[in-house]
Each structure stands twice: as C-alpha cells, then as structure tokens.
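The structure appears below as structure tokens.
If you're wondering where the values come from, they're calculated on a predicted model, not measured in any experiment. Heavy atoms only: backbone and side chains are in, while hydrogens, waters and symmetry mates are out. Protein chains get the first letters and strands the later ones, always in sequence-line order, with residue 1 at the start of each.
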Amino acid sequence: MEDRTRTDSQEGKLLVVDGHSLAFRAYFALPVESFTTSTGHPTNAVWGFATMLADVIAAEKPTHMGVAFDVKGGTFRNKMLPQYKGTREAAPEDLLSQLPVIQRMLKALGIVYIEKPGFEGDDVIGTLATMGEKQGFKTLVLSGDRDAFQLIDDDITVLYPGHHFKDLKHMTPQAVMDKYKVRPDQYPDLAAMRGETADNIPGVPGVGDGFAAKWINQYGDLEGVLGHADEIGGKKGEALRDNMEQVRLNRKVNALVRDLDLGVTMDDLKFGTIHTDEAEGIFKELQFGERSQRKILKGFSTVVGFDPSSGSGRGGSRADKKADGGAPDADQDEREVFTQPIEDRVDDARSLEEWAGSHLPDPDDSARSTREINEQAGRLSGDVDTRHSVGDDEALTARSLDDIWVLYADGTARQGDYALRDLALLSRDGHGLVIQGDSLDPAMVRSLQHLIDTRMGTCVIHGYKEHIHLLENAGLSLPLPVFDTKLAGYLVQPDFHADDLEHAVAHFLDIPVRKAPVASQGRLPLDAESASDREEEGSQILRQARYVMMLTSKLEGLIQERRQFSLLRTIELPTSYVLAGMESEGAKVDDARLKNMHDQFSAEARQAQEIAWDRAGERVNLQSPKQLQKVLFDDMGLQPTHKTKTGSYSTNVAVLQDLYIKSVDNPRANDFLGALLRHRETNKLKQIVQSLREAVNPRDGRIHTTYEQTVAATGRLSSVDPNLQNIPNRNATGREIRSAFVPGEGYEALLSSDYSQVELRIMADLSGDQALIDAFKSGADFHRYVASLVYDIPMDDVTSDQRSHVKAMSYGLAYGLSTYGLAQQLKISPAAADVLKSKYFATFGKVHDYLESLVSDAREKGYTETMFGRRRYFPGLRSTRRQVRDAAERAALNAPIQGSAADIMKIAMIKARHALDQAGLKSRISLQIHDELLVEIAPGEADRATRLVKDSMEHAVSLAVPLDVSTGIGADWQLAAH
DNA sequence: AAGAAGTCGTT
DNA sequence: GACGTACGACTTCTTG
C-alpha cells in the first residue's frame, strides 16, 4: 500500500470506522466456505475485518480511533422511509452472528466502539469525524458506505473499499470530483437522485451518477435541479418530475447527523492496552492461523509499540518444511500466502546455469527435446482401445509432482504475431528468476534451451500452447511439460471460465486475489517505462508464477482423484502442441478472391437495401431489429408470429420467411420482406468476408486463428480471432467463401478429410445396439438403411422424405430433441413425429435405454463422462425449475457423445501430426472444424499424406463399428469438399 | 467504453 | 409456455 500519510497535525490522527459496513463488505468479499471453524462457525467477516483494520492501522498509524456500530431496532430514518434498508435488514444469520465476536475482539484489542440507539453507525461516524476535525485532528473514515462521502474535506478522508475488498481508495475532495464530478458536499444531492440499491432506496429511473452530476453542475444543488425540472427534456426529465417527492425524501434520509451527544471525548478514543491473552483466546476460538494472528496483532500494535513475538510463544510449526530453513513453506495456510518469492537476478548464461543448478530440480536422467511429443504420440500408435484409457493412469500418477518448478512467460500472442515480454522461473524453494525477453542473448538462449530440454519432466506451465508461441518468439522450443494448470483446471471444471490466472486462483483456491493491473499491457513503449515499472513487473510475474505453483498442488489432487492424468498428458497436452503448430502456420487465403466477393456482396446488399427503403418509405436501418419491428408490425400492420426472450417481436429469418409467404396480397410488404431477406443474407456474407480480410496477416498473407482449448464445456475446440469454424457451408452462395482458402507457397493442394456420422457411431458403440452396429457395418447408405429398418421396407423403396426424416431423427437423438422440435424441423405434425420416434426406438431399443441411462446416471453421479474420462457436471439436473432441468437433461445427453467425438478428433490430430512428421512429409494440418481436418498438401505428397491422415483418423480409436473417413483433394477448400 | 440484446454462421 | 448441443462475432442501443 502506498504511503499517503500527510503531515499529521499537531493534535494527531483519528481513524473512524464504520463497523457494520466493513463487516458487511468483508462477509461478501470472502467465501464463507474457506473461513469456517471445525464446529461450523463462520469467521470470514471477523477475519476480513481484523486483517483489514490491522493493515490500515499499520499503514496510517492513527493516534486515536473509534468504531461505530448500528443498533438493533429502527432509526429516525425508518419512520421517514419505511422500506429503508429493507434488503439489508435481511443480513444472513452467518453475518449477524459474527458482529458480537468482532466487538469482543475490539475490546480485547483496546479499541473503543460506539452504538447509539435510534441512530445509525453513520451518524456516529459523522459526529466523531466532526469532533475530530473541530479539535484539529486529521481524520480518516473507513467505511464501505458511500453516504460517508459527504464528510470529505481537506481534513477528512474516506477510505472506501474498491471492487476488491482490501484495496482501499483514498477518497479526498479531488478523488470525489474525479469520480463523480461533484464536490463532496454535493454528493448526497447526487445520491438522492441516483438512489442506493444496497439500502433499497429507489432513485430516478434511468438516472445514474452521470446525469445527476450534470444537472447539479448546471443548477448548483438539488433544490436548483428540482426547481428547474421543467427545463429538463426527454425521458429522464419526465422521470425526474415524476419522482421529485422520492428524491427529496432520499435527500433527508442520506444526510448524516453530525452533532450527536455520544458522551465520549477525544481522549477516550486513544488506543488502550492490548489484552494479548484475551485476544489470542478469541483467535484460537476462531481457529485463525498462526500467521493471521501475528499479522493482526502486529498491525494493531504498530501504534502502541507492542511486540507480537514476546506474547505469543507457541509450539513448533509444522514439520513438513523443506530442508533449507527460511524458504517459504509451500504448504502453509494458503489463503494468506502471498509471500513474494525471493527474486534473483542473472545477466549471463553462466549464472543462469548456476542458478538452475542450485535451485531447480535435477536434470532428468534422459535428455528430453521436442521429440517427446513423438514419444507421447507413440503411445497412441496402434489403435487405442476404447475402454477407455489412453494411458496407464496409475503409472502416470505415480510420478509425484512434489519436486517441480514453474515456467511462466508474459507477452502478447495474436493472429500469428507473438512477442515475449518477460520470463519467470520459479523454484519450489521460493527462489524466482525473472528474465526480460529483450535481454536474451544467444548464449543465454542456448543455456535456457538446455535447461528446458533437460528439466521439462518436472516443469509446470499455465497454458502450454501460449507458452510455445511466446518462447518460439525468443527462439526457444518447448517440449511437453509435466503439468499444465490451465488445462487441468479445464478438465476439473470444464464449464468454469477463468478470464485469467488470478481468476482461476481465486476460484480453485477460494482465496481473495489481487487483480493484476492491466496497465502493463504494452500501453507505453518499452523505452518509456521507468526502471521501477519494470521492477514492479518483475515481482508481478513472479507472483503469477507463484499462483501457478499454488494451483498445481490443488489441481493435481483433483486430477488424480478423477483419474484424468492420462487424459491431460496423453490427449490435452499433445493437442496443445499440434494446435500451436497450426496456429503458427496459419491458413493461406486468396485476398483477390475475397475482395471480389466483398464487392459483389456489398453491391447486392446495397441493392436490396434500396428496394427495402423504397417500399418502407423511409431509410430504416435494416440491421436494427427495433426499427424493423416498428416498420413491420406498426407501420405495415403485419401480424407478429414469434416473441423473443425479452418479449419483443422477433424479426429473425424464420419469421420473415413466414411473413413473406403470408403477404402475397400485399405487394409493398411482400417486396419489402423479400428485399430484407436478401439483405440479411448478403450483408452477413459481406461481414464474414470482411472480417476474414481484416484477419490476414500482412507478413505472410495467411490467417492465424487461435484455437481455444479450454472454452467449450464438451471438450470441443473453438476458434477465435477469427473464428474459422463457422465459414458458411450450407448454401452455395456462402460456400463460395471457402474457395478463398488455398494452398500457400510451396504447397499444391488442400486435403479435406472428415468423419462421417461420428456421433452416431459413438452412440452405436456406447449403447451396444446390435441393429445400429449392423447398420454401420453393412457399409450401405446409412440413413437409407436405417429408414428401411424403421419403416420395415426394402432399401430400394425408401423415399427421400423417409430418409431425411430418419436422418433428422438420428441426429436429433444426440441432442435430446423433443418430438415437437422434430416436427418443427421436418415440417410435419407433432403426432407424425411421435410415431416416427416410437418406430425408431422400437427398432433401436438399446439406443433408447442408453440415452435414458445417460441422464439417470448423470442425475445420480452429478456428472457425465466421455470415453476417455472427460467429465462435465450438471447441477441443473436437480433444479426445481423445469425449464432449467430440461435444458440440463438435453445437455447431459449430448455431452458424452459430442465430448467423445472431440476426444477422438484430438487423438486423430496427434496421430496425424506424428505420422506426417515421421514420414518426413512437408504437408501439414491447417484447420480443424470439429469433425474435419483441412491439410495443406506439399507437391507430390497428395497420396501419401491422404493415406496417413485418413488412417490416423480411422484408427484413432477402435469402436464396435468402423470409423468412416471421407477425403477430397482440390485447389481450394471448396474444391476439396466431397 | 462496456454490456445487453438480437441475429446468424458452423458442427 | 417452451420445445436441439456447442460455440464466436457482428450490429444496435443503452448506459456511463
């Protein structure tokens, strides 16, 4: 915390604390699960309160102090405003029970606390602060209640917790001006108009801080604003006029009383004696860790010169420490381990090696290199047997992660451009090394590479794929690490999305975490950064590395418990390696073709727009659902058919097409709808083409997408920046865009290789339904074959309608499709859909049983599992809300099927990459679109590459049915389709 | 500038 | 009263 202590006045420094608001904030900021005694008593509010107070006292060193509390029973405010704090009164029992404990603790620590019946803590605070000021004290008010802002002036500062409890904002007059654009004394005027959700005080609807401030500055104060309410136009003006009474009332309620008779003098607020025994007794009762106790006592004692070490002699600490004495203990009370690693420095290759020698685990017995990826892939050689393991989890698990180190790199990675900033190496003994990317000379790179190659078997990384890119930028290659906390976190909880490392730590370790400042995101050119900035960054990156270390112990346990180690090491990590390669290489596009398409789509969209505008009689924004609603349903008087989630009338294609058909008698509307539909389509295509063009890296004319490996809850990949997994394919016009994807220089063709009906084949395997298995083994047209079974007619007699109905039914199964949905999709009656479904299940009884069992198992266990042990949890299955439950059931039905398909494709990619490398081919995997691989083919390699890729995919796993892969080769992606 | 809502592209 | 999974991206509109 930076030192903001101003020159203290002669009289001293007074700290006034809003006990309730602070306890309240602490309670909600800290997860109660991780702050509970063994007897089940919550302690999070007490702990947060005590540590924050200790911090503030240590940092500000006040001479006098008082804590104010609210008293049970109403105050004068409730009489004016019955709903006042209506929401807050319902404070959870878990919090209320902690308030007396806090008061006991304060007493033991020699701190005065004050309650005044009929008034709030706020009024006590206002009074104390005023008293202090009058007597010449510098005053600090620690409060999480913004009403306190009105007290601020040159001598009174409010310490206000930011979004993260514990980073306190020093609210000075200037800080209030900066944030709210009004003076502190005007703040209550502003708050009266805005309202206060936390206190259940309604403001003027639609008016926030911004508008309130604007008006106050225009008219001077609240009365000025209300006096001129007539002059304020728009909805907000109207709302203001409608709520003048409420606002006046709010203003009365939020004024703090500053002249209560509390019966205390400043002398009473001096620090008393700390009753160490009593305090420690309370801490013990609360089961605070030893470190917490010391920290709290030390904080409070700053001001009275108390030495914590004298009073708290205690039995020996835990015996599981590492040999080298003073090193931080990795296993200590995790919620308060923020001990910064010891930061070491090296500036040449030799000292780097020495550092590694004395701090990192010993080199592995066999030197590793990127070849390990091949060893890993080697384990996948031959068919992987489905039931259901890609490795021996026991054996892998036996490799303990005790002796590990963390490699953490920081930098930017985007669309094929990668820049390493800093690199941190953190050892288990608490020593950390920070190396600036731009300080790496060739000798250091060589040392570093050697260090990495020989120690990757003990290295933990957070995000292997990203690290491959960053290190690649520095000329370093990165073999498989032993563990990846990002991937592990994803396997443990695939639907949790951590935005960053800090978020993941906060989530998995249940601790409050300081958010990394974003300021370092390259806003300043490097040379403009001061030395201290870089230094700050050094400790920053070590802190991140420390987080990775902390995550490792937690996640390792969870992964072992779930037996997902082989999933992580044999599928996910090698997949990262393959993806990194694909991202670096990118996919070549023919920009001339893209430009052509763009011009064409633009022209068509413009044309359609002209017609639409003409028929509408106004220049409606065709991309604004809101404006379209007005034109269609108000002006033209068409009948809306479908509502959106929020209750407005939908204007999506289905509706527009429906309206189009129904409006044959209304040429104006009909023309408009036709033009609108054409505009929708062409404009969308235009956008897609445009975004592709913008994504082309000028360095190589290629598009480098980023595959997200930890986003899709089912285990699939996703593609961003740009998304290359949703390039149009359904109709001819859109499909044209695929012709812009071409082989790059040195390559002669593209190979498209995709699985046919993987998901259905997985269902056949998992359900063991003999009829379905036979259908696949027959080698006949699958859907036709199934239709002939379902309708009990010869294959030759199956009509195209029957075939497509059965096809839709088959796919619908895996999605938990309702008969209603099926009927809609096939445009048949719900009754007919129902008949189809019964016939289908009569034919494939075991499929039905399997799907049922999937859901009931999930309900029982709480999760589903893929063939390779990828889990997904479904809390929604126990929801009392039907809609939520139904959705969860459908997802639970789909997850193991879609997820197993994803597992299989990942294995296939690893194998294909391995096979291509082994054969010494230049051809390379370019894109993955869930069940399709697009491969860039080098001259003369078409046949061999096709065979290797097809084979890798077909033999990724062996199921009860064969995996069928169809391939095609062409001069562009569209021509490669088959 | 950020977020919500609506729409639509893929598998 | 809704009614197929899983995503990413674009635009508008509102709010700040």
Could you please name the option among [options] that lies closest to any side-chain atom of [X]?
X        : options               : result
A:Ala712 : C:dC7, B:dG6, B:dC8   : C:dC7
A:Ser718 : C:dA6, B:dG6, C:dC7   : C:dC7
A:Thr644 : B:dG6, B:dT10, C:dG16 : B:dG6
A:Phe211 : B:dG9, C:dG16, C:dC3  : C:dG16
A:Asn652 : B:dC8, C:dG4, C:dG16  : B:dC8
A:Arg890 : C:dG8, C:dA6, C:dG4   : C:dG4
A:Gln825 : B:dG9, C:dG16, C:dG4  : C:dG4

Do any side-chain nitrogens or oxygens of [X] fall under 4.0 Å of OP1 or OP2 in [N]?
X        : N      : result
A:Lys626 : C:dT14 : yes
A:Arg882 : C:dG1  : no
A:Thr714 : C:dA6  : no
A:Thr646 : B:dA5  : no
A:Arg716 : C:dC7  : no
A:Ser648 : B:dA5  : no
A:Ser818 : C:dG4  : yes
A:Ser650 : B:dT7  : yes
A:Ser624 : C:dC13 : yes

When we call it a touch if two heavy atoms are under 4.0 Å apart, what does [X] touch: a base, just sugar-phosphate, or nothing?
X        : result
A:Leu822 : nothing
A:Gly812 : nothing
A:Asp886 : nothing
A:Ala713 : sugar-phosphate
A:Gln687 : sugar-phosphate
A:Ile727 : sugar-phosphate
A:Ser719 : sugar-phosphate

Between [X] and [Y], does any side-chain donor sit less than 3.5 Å from a side-chain acceptor?
X        : Y        : result
A:Tyr873 : A:Thr864 : no
A:Thr705 : A:Glu583 : no
A:Gln898 : A:Glu759 : no

Just the rounded figure in Å: distance from [atom2] of [N] to [atom1] of [X].
X        : N      : atom1 : atom2 : answer
A:Asn726 : C:dT5  : CG    : P     : 18 Å
A:Gln627 : B:dG6  : CD    : C1'   : 14 Å
A:Leu685 : C:dA9  : CG    : C1'   : 14 Å
A:Leu836 : C:dG4  : CG    : C1'   : 15 Å
A:His679 : B:dT7  : NE2   : P     : 15 Å
A:Leu692 : B:dT10 : CG    : C1'   : 13 Å
A:Phe874 : C:dT5  : CZ    : C1'   : 10 Å
A:Arg881 : C:dG1  : CZ    : C1'   : 14 Å

Roughly how many Å apart are B:dC8 and C:dG1, using the C1' atom of each and rounding to a whole number?
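After rounding to an integer number of Å, I get 25 Å for this pair.
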
Give a yes or no on this: more than 12 heavy atoms of other residues, nucleotides or ligands lie within 6.0 Å of atom [atom1] of [X].
X        : atom1 : value
A:Gln218 : CD    : yes
A:Phe874 : CZ    : yes
A:Tyr660 : OH    : no

Considering only heavy atoms from C-beta outward, does the side chain of A:His930 approach that of A:Met905 to under 4.5 Å?
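A:His930 vs A:Met905: side chains apart.
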
Do the ring planes of A:Phe149 and A:Tyr160 sit parallel (below 30°), tilted (30 to 60°) or perpendicular (above 60°)?
perpendicular

When A:Val711 and A:His642 are each assigned the nearest nucleotide of DNA chain C, the 5'-most assignment goes to A:His642

Given that A:Ala808 and A:Gln623 both sit by DNA chain C, which one's nearest nucleotide is further toward the 5' end?
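Whichever sits nearer the 5' end wins; that is A:Ala808.
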
